[in-house]
Amino acid sequence: MSKKKILTVVLTLLVAVCLLATTALAAVAPTGATTPTGATTPTTPTTPTTPTTPTAPTTPTQPTEPAGPKFVDVAEGDWFYNSVMWAVENGVTVGTTATTFEPAKTCTRAEMVEFLWNAAGQPKATIKTVNFTDVPASGSDDFWYEESLLWAVDSGIVAGTTATTFSPNQDCSRAEMISFIARLLANGATDDMPFVDVPASAWYYNEVLWAWANGLTVGTNDGTTFSPDKTCTRAEAVEFLYNAFAE
């Protein structure tokens, strides 16, 4: 073969190779292709907002305890605690101050009559005056026990220390206090007297006997005595009344 023919064949082969390479490149996706018009890029989803933590419910207000006497000198373990609470809550008496009751304080005859009148429900008397010369003028502030004294005299509960005196400021004895209550409530007693210091001749014998038989008192010194002449304290007074009216 002549050189000219050989050159022609070589050139032909080169052209064929170039055509094949061009065809192969055309099959590859064109670089830099643009997004079709009108197509939007999907929006990146927003991170959900963290839900707000619910506010903790407010603790309910505790119910207010019922109002009641708060005496610093009266403890729950005291033998007179229940009677003092009963007396104050039922209007029989009040404390000596807003925070004290003074259970060991001696009661006067005027105070005793007032306590009994309050415990009985403050009944009205039919009389308007008393013959006692040692009490204040009717209607005066000093005669704060006037209504109770009128009722006590009218009901035969008190007769005075003499025919013309009541002795309102005199300390009241245990015998006097029991007698006041017994004269209002007594319906007779037949039991034998348990107290060695209450003789049958005593003016208060029947009243003390009735009080013991009806559970108003258990006496003093382990129940062998009543101590009738001992002054009656505020604690003892409300205890007698509590036993008579609350039980």
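- Every pair passing ring-ring contact (aromatic ring centres under 6.0 Å, His included) that includes a residue from residues 85-114 is listed here, sequence neighbours excluded: Phe71-Phe101, Trp86-Tyr242.
- Listed by chain and residue number, Ile127, Leu150, Trp151, Asp154 satisfy the side-chain contact (heavy atoms from CB on, under 4.5 Å) test with Ala125 (two or more places apart in sequence, or in another chain).
- Considering all non-hydrogen atoms of both residues, Cys107 and Ala237 come closest at SG-CB, 4.2 Å.
- For Phe80, the ring pair (Phe, Tyr, Trp, His ring centres under 6.0 Å) criterion is met by no residue, not counting sequence neighbours.
- By the 6.0 Å contact criterion, CG on Asn131 is open, its count of non-hydrogen atoms from other residues, nucleotides or ligands being 12 or less.
- Taking the side-chain contact (heavy atoms from CB on, under 4.5 Å) definition, one finds that Thr97 meets it with Thr99, Thr100, sequence neighbours left out.
- To the nearest 0.5 angstrom, Tyr145 atom OH is 15.0 Å from Asn118 atom CG.
- Thr133 pairs by the side-chain contact (heavy atoms from CB on, under 4.5 Å) definition with Thr164, Thr165, not counting sequence neighbours.
- Considering every non-hydrogen atom in both Tyr204 and Ser179, the closest pair reads CB-OG, 3.5 Å.
- Here the closest non-hydrogen pair linking Ile178 and Glu207 is CG2-O, 3.5 Å.
- Considering only heavy atoms from C-beta on, Pro168 stays 4.5 Å or farther from Thr108 through its side chain.
- Here the closest heavy-atom approach between residue Arg109 and residue Ser167 is recorded as CD-O, 3.3 Å.
- Pairing each heavy atom of Thr106 with each of Glu111, the nearest pair is O-OE1, 3.9 Å.
- Between Ile181 and Met177, the closest side-chain pair of non-hydrogen atoms falls below 4.5 Å.
- Residue pairs meeting the ring-ring contact (aromatic ring centres under 6.0 Å, His included) criterion with at least one partner in residues 163-186, sequence neighbours excluded, are Phe132-Phe166.
- No path of Ile, Leu, Val, Met, Phe, Trp and Tyr side chains, each step under 4.5 Å between heavy atoms, connects Val218 with Trp79, placing them in separate hydrophobic clusters.
- Residues Ser227 and Asp197 come closest through the heavy atom pair N-OD2, 2.8 Å.
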